[in-house]
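So that the names make sense, note that chain A is the first sequence line, chain B the second, and so on, each numbered from 1. Because the structure is a prediction, the values reported are computed rather than measured.
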Amino acid sequence: MDFNAIDTKWNNLWQQGKVFEANHSKEKKFFLSAAFPYPNSPQHIGHGRTYTTTDIYARYLRMQGYNVLFPMGFHVTGTPILAMAKRLGQKDEEYLRIFEEIYGISRETSATLTEPKALVTYFSHEIEQGMREMGYSIDWRRKFYSYDACFNKFIQWQFRKLKEAGYIKQGSHPVPWCPSDNNAVGAHDTRGDVDPQIEEVTAVAFEIKGEGSLLCSTYRPETVYGVTNIWINPSAKYVKVEMNGKKFIISQDAANALSQQFGLKIIGEIKVAELLKKEAINPLSNAKLPIFEAKFVEPKTGTGVVMSVPAHAPLDYLALRDAKLDGKVKLVQVLTVEGFGEFPAKEIVERMKVPNQLDSKAEEATKEIYKKEAHTGIMKVGEFAGEGCATAREKIAAALAKKGQAHKLYVLANSPVFCRCGALCSVKMVQNQWFLDYGDKKWKEKAKECLSGMKIMPQQTIADYLYTIDWLNERACTRAAGLGTQFEFDKTQMIEALSDSTIYMAFYAISHYAKDLPADALDEKFFDYVFLGKGKAPNEAAKKMHEEFEYWYPFDSSHSAKDLVHNHLVFFLFNHACIFEKKKWPKQIVTNGFVLMDGKKMSKSMGNIMPIRAAIKRYGADVIRFSVVAGADLSSDTDFNKSVAEGISSRIKSMGELLEKTIAHDAQKGAKTSAKYDAADKWFYSRLHRRVKNAPAMFESFQIRELSQEILFETFNDMQHYLKRAKEPRLREFFEYWTALSAPFMPHIAEEFWEKLGKKKFVKDAKFASLAHMPAADEKKIDEEMEKQEQFLLSTREDVVTLLRLLKKEGQAKKIHLFVADEWKREVRSVVAREKDFGKAIKACLANAKLKPHAAEFKKVIETCMKDVGALKSEVLSSQQELDALQNGAEFLKSEFGTEILVKKESEAEGAQAQRAKNAMPNRVAVAIE
RNA sequence: GCAGGGAUGGCAGAGUCUGGUCAAAUGCGCAGGGCUUAGGACCCUGUGACUUUAGUGUCUGCGCAGGUUCAAAUCCUGCUCCCUGCACCA
């Protein structure tokens with residue numbers, strides 16, 4: 001089987017036949033989509049998981065008779081593509097290498113990708129081609145890019161609606177900032193792709209009479225009571241600054257960084273030597289504090305001035321000890337800490353034998369104490385004595401701030417972070433930043449109402465949605481640069497990437513028409529009519545688009561990987577709830593886990609990314625489809641590796657070979673067999689129809705893993721057994737059902753099989769398996785008794801195998817006798833099942849008239865039954881049924897063991913066998929081997 | 001720190017809601033055998049330990065420590081460890 005050839009054949013036929021183009025009609029519809037990709041790289045097999053899951057579902061629903069719309073577009077909004085084009089233009093070696101080694105893009109090609117649009121075009125074509133090769137049943141006519149003029153108009157309309165609703169606000173906001181580029185920085189703007197993390201710290205003011213205040217940044221304002229001195233770095237430069245009419249002393253570096261956050265003015269330098277002579281005043285205890293020098297103080301971190309709490313901060317204690325001041329300064333205890341005495345910092349430093357402040361163990365000790373004190377520390381002094389460390393911290397910070405003795409400031413927690421331009425990043429307080437007010441209570445309520453009407457898969461993620469809805473606050477919705485849509489209310493701004501992709505699904509409903517209209521025509525009235533049905537249709541186009549939207553909306557199912565739960569998917573709820581009327585709110589969200597490569601996360605730095613098109617080339621699309629969805633439950637991550645893909649491949653191939661054989665056989669002998677089903681046929685088709693019957697519920701609940709297991713492995717195993725068991729296997733019917741059932745998973749191969757089978761079984765004139773109806777199970781063929789009998793036959797076979805091995809008589813037995821337990825033993829079994837107790841069971845049996853004749857024997861039977869009393873719940877076959885099962889399977893057993901098989905009832909045993917026959921139990925035959 | 005998820009055999013991964021049929025599905029790996037010129041293809045068997053030449057039995061076992069129960073991977077309590085997310089970034 002040449003998978004690639006089959007893929008190509010059917011991809012072309014589908015395209016030519018316009019099989020997946022969906023138009024509004026009278027039929028019941030289903031509108032679903034998966035998050036549209038950001039084209040700044042080729043896609044890898046991880047992306048394939050979400051799209052494959054979506055496509056399986058789409059194909060399943062199509063086969064259930066729905067008019068299914070599965071569209072796709074490209075999200076190009078934001079800065080990474082801009083940044084990437086710029087870097088390629090600069091011949092950035094890091095990028096060129098990634099392109100070459102991981103994406104397989106030559107340097108010549110890279111040289112042509114220095115414009116954002118060229119990059120978008122290149123990767124979106126690459127991605128689209130991959131999706132086509134994977135056989136995704138997408139209506140490509142509706143494709144658009146988020147920078148298309150018609151889409152811009154749509155987003156601007158959306159933002160006008162949000163503004164009308166009062167959800168767009170302005171205010172100040174801290175962002176990671178490059179002072180040299182004069183722009184906000186994200187992970188893709190920094191050296192080594194470090195994600196800059198903003199953290200809030202408290203800066204406490206320690207007054208120096210006549211000079212202003214020393215500003216000390218700290219994570220632990222509750223320890224101000226214990227401050228014994230102030231640290232400054234002897235080799236740093238300190239300056240006086242003016243801020244809100246007050247004077248402060250901080251390092252020069254800090255002044256530069258903080259000027260981005262506050263309107264501060266540097267008044268002049270102050271020499272370290274001069275500072276060291278001064279005294280500062282503790283704002284809480286009013287103690288006079290000396291100022292000392294310490295090397296551990298980083299002038300670039302925080303304010304460059306550090307308050308010293310030697311009782312609780314190991315670094316402070318170490319610095320004192322290094323300067324031989326530990327004898328002179330009196331430590332002040334602030335907290336009582338579990339497992340420590342008066343001065344925890346001193347204790348831990350001594351216990352861990354930290355040599356000095358610059359040793360790496362100093363940091364370890366700090367972390368340890370910080371954690372311990374935050375957990376178990378109780379305030380010993382001050383206004384909040386008796387309270388826990390964490391609550392006291394907040395209260396003290398607030399109290400100091402109220403008196404103007406503390407200020408909130410922002411720092412980069414993972415500092416230093418460098419911009420790719422080389423400058424050190426800091427935090428800037430952006431003024432007049434535009435926000436979407438997701439903190440609005442009423443809006444939150446609406447979003448929750450929307451959520452409550454939806455089906456969320458996997459169900460356990462509902463908690464995440466609720467949590468995120470509650471937690472969301474004002475969120476910046478514009479940026480100074482980027483591709484996408486201009487922000488109408490402030491033309492210096494572009495709408496930010498996560499804000500223009502919240503209701504874009506609605507645009508798919510009309511995108512294939514919108515493209516043909518001049519952008520000017522898409523004004524307020526136009527969209528009000530199309531999406532909200534307000535007013536009269538401004539023109540024919542609007543009317544047509546309104547009808548289309550009315551047909552396809554509400555949006556039935558949104559698919560993505562699980563990382564979008566905390567942002568995009570929640571915004572999706574908020575925005576739908578705001579813009580559209582309730583009956584147009586979305587119905588379902590499905591999220592899935594990631595794909596690992598040989599057990600490890602795929603990443604550029606590890607170089608273990610497998611591009612999806614390379615994977616298709618190697619294994620075939622359908623094998624990849626199975627590989628990314630069959631391995632794990634929807635919610636958990638799945639592993640892709642060679643052996644999984646090869647295993648799937650070989651199963652599919654052997655199915656193909658069998659299909660060929662079946663067809664050849666039928667052609668020779670004629671497909672019709674008039675003979676009735678025998679036991680083996682009944683068993684096999686009972687299993688098949690049971691699976692067919694259960695399948696729809698499994699598709700609906702996204703038990704994709706279980707379904708693939710059934711289709712690929714369990715059905716396959718059944719067939720293996722059936723082939724051995726059946727006198728004349730009839731596989732045609734099986735293949736007709738199996739092909740349809742597996743078509744959503746392996747569409748190309750299913751089409752190929754379908755064609756070979758003559759393809760008209762389930763729906764008249766279905767040219768494609770993709771359009772055939774999912775077969776309904778023939779429930780008459782589900783035969784539980786037959787399945788049990790076969791099960792019994794198989795376990796009997798197992799017993800014989802075990803016994804032969806035990807006797808070392810494999811292949812040497814002359815005759816094998818099988819004895820079925822008498823009916824009265826079943827009575828005993830059910831008594832034991834009921835009583836669940838040896839004594840009670842005996843009494844019950846004695847009282848049972850039916851068991852009277854067997855009084856001498858039943859005690860032993862009860863004993864045997866009691867061994868696994870829990871197993872007795874399931875019902876067993878009657879003696880006659882067991883007998884039938886074995887007689888029907890006698891041929892099979894004979895061929896398995898190559899010897900004569902004699903089946904009898906226990907009571908019919910004669911001579912030497914009589915004793916053995918007594919071992920027979922319900923559901924377990926007695927075996928006698930000659 | 002907060003929130004969510006998790007810990008099962010050589011590996012991956014079911015089983016947990018609804019306790020007993022669980023030495024634990026399925027797949028991979030490994031070992032032995034068969035088929036074959038050969039095999040990475042296919043088939044059979046085995047794969048916690050010990051014991052057993054008539055079909056066993058005993059012990060150990062599902063992160064750790066307890067508890068409930070005739071019975072616990074499954075229920076309860078406490079603990080340890082791991083993963084993911086925490087905002088202006090797609």
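- Residue A:Lys724 places at least one side-chain N or O closer than 4.0 Å to OP1 or OP2 of B:C44.
- When distances run from any side-chain atom of A:Asn717 to the nucleotides B:C88, B:U26, B:A87, the shortest one goes to B:U26.
- Spacing of P atoms, B:A72 relative to B:C64, comes out at 16 Å, to the nearest Å.
- Regarding contacts with the backbone of B:C89, a side-chain N or O of A:Arg479 is found under 4.0 angstrom from either OP1 or OP2.
- Only the C1' atoms considered, B:C11 is 22 Å distant from B:U16, to the nearest whole Å.
- Taking atom CG of residue A:Leu807 and atom C1' of nucleotide B:G55, one finds them 8 Å apart after rounding to whole Å.
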Pair A:Lys825-A:Glu906, salt bridge (charged side-chain N to carboxylate O under 4.0 Å, His left out): steps then yes or no: CA-CA 11 Å; A:Lys825 285 188 178 171; A:Glu906 165 182 3; 2.8 Å; yes
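- In this view, A:Tyr370 and A:Tyr219, A:Arg220, A:Arg393 satisfy the side chain to side chain contact (heavy atoms under 4.5 Å, CB included) rule, not counting sequence neighbours.
- For B:C42, one of the phosphate oxygens OP1 or OP2 lies less than 4.0 angstrom from a side-chain nitrogen or oxygen of A:Ser650.
- For A:Arg475, taking side-chain heavy atoms from C-beta onward, the closest of the listed nucleotides B:A87, B:G55, B:C2 is B:A87.
- A:Ile198 comes within 4.0 angstrom of no nucleic acid atom, judged by non-hydrogen atoms across all strands.
- Rounded to the nearest Å, the gap between the C1' atom of B:C50 and that of B:U36 is 39 Å.
- Remark: the separation of the C1' atoms in B:G85 and B:C79 is 25 Å, to the nearest Å.
- No engagement by A:Thr461 is indicated, since no non-hydrogen atom pair under 4.0 Å with the nucleic acid exists.
- A:Lys562 has no carboxylate O lying under 4.0 Å from a charged side-chain N of A:Asp464, or vice versa, which leaves the two without a salt bridge.
- Listed pair A:Gln709 / B:G27 fails the phosphate criterion, with no side-chain N or O lying under 4.0 Å from OP1 or OP2.
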Step-by-step salt bridge (charged side-chain N to carboxylate O under 4.0 Å, His left out) determination, A:Asp470 to A:Lys448: CA-CA 9 Å; A:Asp470 278 332; A:Lys448 280 187 192 169; 2.8 Å; yes
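- Nucleotides B:C59 and B:C83 place their C1' atoms 35 Å apart, quoted to the nearest Å.
- The residue A:Gln720 sits close only to the backbone: its heavy atoms come under 4.0 Å of sugar-phosphate atoms, none of a base.
- Listed candidates were B:A54, B:C89, B:U45. Nearest to the side chain of A:Leu803 is B:A54.
- Counting only Watson-Crick and G-U wobble pairs whose two key distances fall under 3.5 Å, RNA chain B forms stems of three or more stacked pairs at B:1-7 with B:80-86, B:10-12 with B:26-28, B:29-34 with B:42-47, B:48-50 with B:57-59, B:63-67 with B:75-79.
- Of all nucleotides listed (B:U26, B:A3, B:G55), B:U26 comes nearest to the side chain of A:Phe713.
- For A:Ala926, counting side-chain heavy atoms from C-beta on, the closest listed nucleotide (B:C44, B:C2, B:G55) is B:G55.
- The listed nucleotides are B:G4, B:C43, B:U45; the one nearest the side chain of A:Phe716 is B:C43.
- Nucleic acid contact class of A:His568 (heavy atoms, under 4.0 Å, all strands): none.
- For B:U8 and B:G4, the P atoms lie 22 Å apart once the distance is rounded to whole Å.
- Across all non-hydrogen atoms, the minimal contact from A:Ala821 to A:Glu882 is N-OE1, 4.3 Å.
- Of the listed nucleotides (B:A90, B:G55, B:A87), B:A90 has the atom at the smallest distance from the side chain of A:Pro80.
- Considering only side-chain N and O atoms, A:Thr79 lies under 4.0 angstrom from the phosphate OP1 or OP2 of B:A90.
- The aromatic ring centres of A:Tyr504 and A:Phe151 sit 6.0 Å or more apart.
- A:Asn641 comes within 4.0 angstrom of no nucleic acid atom, judged by non-hydrogen atoms across all strands.
- When rounded to the nearest whole Å, the span between CZ of A:Arg691 and P of B:U26 equals 12 Å.
- A:Leu162 is listed as a side-chain neighbour of A:Trp443, based on a closest heavy-atom distance under 4.5 Å.
- OP1 or OP2 of B:C44 has not a single side-chain nitrogen or oxygen of A:Arg805 nearer than 4.0 Å.
- No contact: A:Ser501 has no heavy atom under 4.0 Å from any strand.
- Within 4.0 Å of A:Glu474, counting heavy atoms only, lies at least one base atom of the nucleic acid.
- Nearest heavy-atom pair across A:Pro39 and A:Ile127 is CA-CD1, 3.9 Å.
- Nearest to the side-chain atoms of A:Lys601 among the listed nucleotides B:U84, B:A90, B:C86 stands B:U84.
- Residues A:Glu710 and A:Arg691 are paired through a salt bridge, judged by an N-O separation under 4.0 Å between the basic side chain and the carboxylate.
- Spacing of C1' atoms, B:C62 relative to B:A12, comes out at 16 Å, to the nearest Å.
- Here A:Val876 lies out of heavy-atom contact (under 4.0 Å) with every strand.
- A salt bridge links A:Arg924 and A:Asp799; the closest N-O separation between the charged side-chain nitrogens and carboxylate oxygens is under 4.0 Å.
- No contact: A:Val175 has no heavy atom under 4.0 Å from any strand.
- At B:U21, none of the side-chain N or O atoms of A:Arg924 fall inside 4.0 Å of OP1 or OP2 (strictly under the cut-off).
- Using a cutoff of 4.0 Å between basic side-chain nitrogens and carboxylate oxygens, A:Glu714 and A:Arg687 are not scored as salt-bridged.
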Please produce a list of atom pairs where a protein N or O lies less than 3.5 Å from an N or O of nucleotides 8-16 of chain B.
residue: B:G13; atom: O2'; partner: A:Arg705; partner atom: NH2; Å: 2.9

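- Between A:Ala926 and A:Ala920 the shortest heavy-atom distance is CB-N, 3.5 Å.
- Looking at heavy-atom distances under 4.0 Å, A:Leu712 makes no contact with the nucleic acid at all.
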